[in-house]
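Starting from 1, each residue takes its place in the sequence as its number.
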Amino acid sequence: MKTKTHLVSLAFIPVPALLAVSIARADNPTYASQRIGSITDISSAFTNCGGDLYLSGYDTSVGFELRKLNATDSDLDLVQDLSPGTAGSVIGELTKVGSNIFFRGTVGSSGVGQELYVYNGSSISLVKDIRSGSASSTPDNLFALGNTLFFTANDGVNGNELWSSDGTSAGTTLFKDFRPSTFDGSASCTQFAALTFDGVDYLYFSGNSPGSGSELWRTDGTLGGTTQVSEIYSGATGSNISEITSNGTGFYFKATDGSYGLFHSNGTSVSKIKIINDATASGAPTNLTWIGSSLYFAAYQRGSGTEPWISDGTLNGTVMIKDLGSEFNGNSNPSQFTRAMHKTVFQAGVSATGHELYTTDGTSSGTSLLKDINPGSDSGISSAAAFTKVGDYIFFAANDGTHGNELWVTDGTSTGTYMALDMNPGSGNGFPIGITYMVNLNGTLYFKAFDGTSTNLYKLITTSSTMSRAMTSGERGHMSMRSSQGLGSDASLRFAAATTAYTCSLSYRERSSSELSHLLSDVLDVSGSGSNQFLLQLNYSPTVLAALGTSRPMLGWYSSGAWVNAILGNAGMASLSNSAVEALFVNGPYTEGLPTGSWGHDAANHVVWAVLDHNSEFAATPITPTAAYSTWIDGYYPASNDSAVIASSADPDGDGLANSVEYVLGTSPASATQSSLPTLERTSTTVTFRFTRSKAAGAAGFASSVQYSTDLGTNGWTTATPAMTSVLDSGDNEIVTVSLPATSSTLFARLVVSSL
């Protein structure tokens, strides 16, 4: 979703310095494990294929064969005994394409080597013996483009080249021979990534041809539509592309044009962002991860070693976040950058603490050790351990030095980082050191673990379908739970300070048939005593949202047989119209301190949230704006198609205020005015920013916030938190008052209007 931002009212005022800090304590979810079936060993084939879990599991009657988790989560059903008897099959690279599940398999006594197989929902069959006889074509790099599988394979004649398949023998062919007349054991194509540009689905990849070496290519699924995007490094050497990572509209990757560094492609061309280190490929960016609006990665720089970096896609905005320490000859070797509830989490190693968890907000001052899980210099986390995100939580295997390698969880805070399960009680390991087998399947964590006797499949569950939390006066608390019903299934609730003793419970209920067509999540029931403020966050299904043809959901409240905006039920707000409530919308995640009645949509993480003071049933629901910008501007400039007049960024009356700002302030875009601009007021201890805001503008998707700066330069602009101190209803408009921190003798403030 693109956001256009316009500014108004830059001002300054001298104020005395004042600083206050608030610290809160959080409660943590509790977990249990549920063993699934009787399979006592699971191989590395462990895959979420379109919402179904497939894996290679062993039992004494058939050996290792392909199995599927059944609908009741009670067992792993045998899909088919490919190798009759106990010989078993070797299965890997499971990939869903349309209604088919493709995989690479070696079937005992079949007479063929390692080849491509397909499961069509009823039976498994060999797709094609690409390299005839007992020799193997070794299918690899399996990737879907529409209903076609693309992969690399070696037919024994053309070398390891790009193939395509529709699941039939006749429809499985050599798609393109990138190195004609040569026989090469290594794949000519790697690093596949799918993106859509101008309504066309493309598969991007690194293709290696004799004249150009390894360069960026793309295909639309046809041979004629398979072209080289760019010659990054002229000549046959090639740019050695790897680490292709999408941000939704383009992608970043590691490459060289003679010097290794970070590159970007918009789908049709390539630009170099920054040379991180000009020595070798080993120093170039790795572990590229797009989070929010930034790219996080690890890179080597002389004098610092391999450390965490961040990029906004520009040369000056690509910087090392922090030099963490001197482990491993000066390298902290960060990896697994993942967004948790509160911050971005990653793992890294320094000599004082070993390899442990860190958090970052993208700045040096905001990057620190999250928790020394294994106190002292011993590592709590293996550098090869993977993170698996479920909702706002990150799960991983770690060793605290007492319990062995077990299941841990973090929400991005130190108190929210703890051992979730001790699968192998005592000092033994429940998880292998290094690679951890976990998968997020429809909002539930499934994992492979050792209980001290055998290795089995488990699912993570809360201890009850209903969770309760009791607080005493002045406490803060946190609960999280998951539903197994199928749509957005993660919910979390955080309390502000309770003014009285307070008990709250969360539970899910079945959706009724009349609700199914317009709900984006399961229905959560929140019940408790008192009217204390709490923040409720609920995951939703982006697939269902897209199917409804809209892009903005909200947290809905089930009231009198209808779903309405959840914050309408807050004390003192029942009389407000829906458009009035819409004006409190925040385009992004919750930030600490927002008042009761705030609500928002965190599109990056598929979360809706609201700050509430009432109990009810809640769900994510789609929203239709109640007032359109086009209707408003048409009232001043009827039937105009001139973008210089009607665009939200236009200023047709020349008063310095963009149309979007006029819309929010409730002023006319057809006559210059300075009468309704924001004001600043001061007392001996506070600075107050006040402005009038149209309720209709918020409903149409124009969000407003206040930013402040102390010098207009080095320190930049900071968004005021909380965004609104108070909102006074005045009919069609509302008076918004924002308190700013008095931290400097000089303060500048501005109103920022963003069109969603």
Side-chain angles (χ1 to χ4, degrees), residues 36-37 39 41-59 62-71 73 75-83 88-108 110 112-130 136-153 162-169 171-172 187 189-194 203 205 386 388 435-442 444-448 455-459:
I36 297 173
I39 298 300
D41 203 0
I42 298 168
S43 76
S44 58
F46 192 78
T47 311
N48 180 351
C49 290
D52 291 315
L53 180 62
Y54 288 86
L55 54 82
S56 176
Y58 174 87
D59 71 18
V62 298
F64 276 104
E65 294 290 357
L66 184 64
R67 293 180 176 271
K68 178 183 178 181
L69 178 65
N70 66 18
D73 282 7
D75 208 348
L76 293 166
D77 294 341
L78 176 67
V79 175
Q80 190 171 318
D81 187 3
L82 288 177
S83 299
S89 305
V90 179
I91 296 170
E93 294 285 322
L94 287 159
T95 305
K96 184 176 177 63
V97 183
S99 59
N100 291 325
I101 305 292
F102 289 90
F103 61 91
R104 181 178 65 208
T106 303
V107 177
S110 64
V112 300
Q114 193 176 58
E115 296 292 347
L116 184 68
Y117 288 78
V118 65
Y119 173 52
N120 62 10
S122 59
S123 63
I124 298 175
S125 60
L126 173 68
V127 177
K128 191 170 189 172
D129 188 4
I130 295 173
S136 299
S137 69
T138 315
D140 202 2
N141 300 299
L142 278 65
F143 211 98
L145 180 63
N147 290 319
T148 302
L149 173 74
F150 283 84
F151 63 101
T152 56
L162 185 62
W163 286 66
S164 65
S165 176
D166 63 1
T168 69
S169 178
T172 302
C189 303
T190 58
Q191 301 291 315
F192 292 94
L203 190 62
F205 56 93
T388 301
I435 299 298
T436 306
Y437 298 107
M438 300 181 192
V439 65
N440 179 349
L441 186 72
N442 305 321
T444 298
L445 183 74
Y446 291 79
F447 56 94
K448 166 186 171 181
T455 300
N456 309 285
L457 177 67
Y458 293 87
K459 66 182 286 188

Test side-chain contact (heavy atoms from CB on, under 4.5 Å) applied to Lys459 and Asp73, step by step = CA-CA 9 Å; Lys459 66 182 286 188; Asp73 282 7; 2.8 Å; yes
Interatomic distance, [X] atom [atom1] to [Y] atom [atom2] [nearest 0.5 angstrom]:
X      : Y      : atom1 : atom2 : answer
Glu65  : Tyr58  : CD    : OH    : 11.5 Å
Ile39  : Asp41  : CD1   : CG    : 9.5 Å
Tyr437 : Leu55  : OH    : CG    : 12.0 Å
Lys96  : Phe102 : NZ    : CZ    : 10.5 Å
Ile36  : Leu457 : CD1   : CG    : 4.5 Å
Ser110 : Leu82  : OG    : CG    : 9.0 Å

Is a side-chain donor or acceptor of [X] paired with a backbone partner of [Y] at a separation under 3.5 angstrom?
X      : Y      : result
Glu115 : Thr106 : no
Ser89  : Val107 : no
Asp166 : Thr168 : yes
Arg104 : Glu93  : no

Taking the side chain as C-beta and beyond, is there a heavy-atom pair between [X] and [Y] under 4.5 Å?
X      : Y      : result
Gln80  : Leu66  : no
Ser56  : Ile42  : no
Lys448 : Thr455 : yes
Leu76  : Asn70  : no
Leu116 : Leu149 : yes
Asn440 : Asn48  : no
Phe192 : Leu203 : yes
Asn100 : Tyr119 : no

Not counting sequence neighbours, which residues clear salt bridge (Lys or Arg N to Asp or Glu O under 4.0 Å) with Asp81? List them please.
-> none
With sequence neighbours excluded, what pairs up with Asp59 under the salt bridge (Lys or Arg N to Asp or Glu O under 4.0 Å) test?
-> Arg67
Ser164 and Thr148: side chain donor to acceptor below 3.5 Å | no
Please give me the minimum heavy-atom distance between [X] and [Y], naming the atom from each residue.
X      : Y      : value
Ala153 : Ile130 : CB-CD1, 4.2 Å
Thr444 : Tyr446 : O-CD1, 3.4 Å
Lys68  : Asp52  : CE-CG, 3.8 Å
Val127 : Ser165 : CG1-OG, 3.7 Å
Ser136 : Gln114 : OG-N, 2.7 Å
Asn141 : Ala187 : ND2-CB, 4.0 Å

Taking the six-membered ring for Trp, are Tyr458 and Phe447 parallel (under 30°), tilted (30 to 60°) or perpendicular (over 60°)?
-> parallel
For the pair Phe103 and Tyr117, name the ring-plane relationship: parallel under 30°, tilted 30 to 60°, perpendicular over 60°.
-> parallel
Residues passing the ring-ring contact (aromatic ring centres under 6.0 Å, His included) test with Phe143, sequence neighbours excluded, are none
Verdict with reasoning, Thr152 to Trp163, per side-chain contact (heavy atoms from CB on, under 4.5 Å) = CA-CA 6 Å; Thr152 56; Trp163 286 66; over 6 Å; no
Are Thr190 and Asp140 close enough, and set up right, to give a side-chain contact (heavy atoms from CB on, under 4.5 Å), and what steps lead you there?
-> CA-CA 9 Å; Thr190 58; Asp140 202 2; over 6 Å; no
Would Cys49 and Leu94 satisfy side-chain contact (heavy atoms from CB on, under 4.5 Å), going step by step from the backbone distance to the final call?
-> CA-CA 8 Å; Cys49 290; Leu94 287 159; 4.3 Å; yes
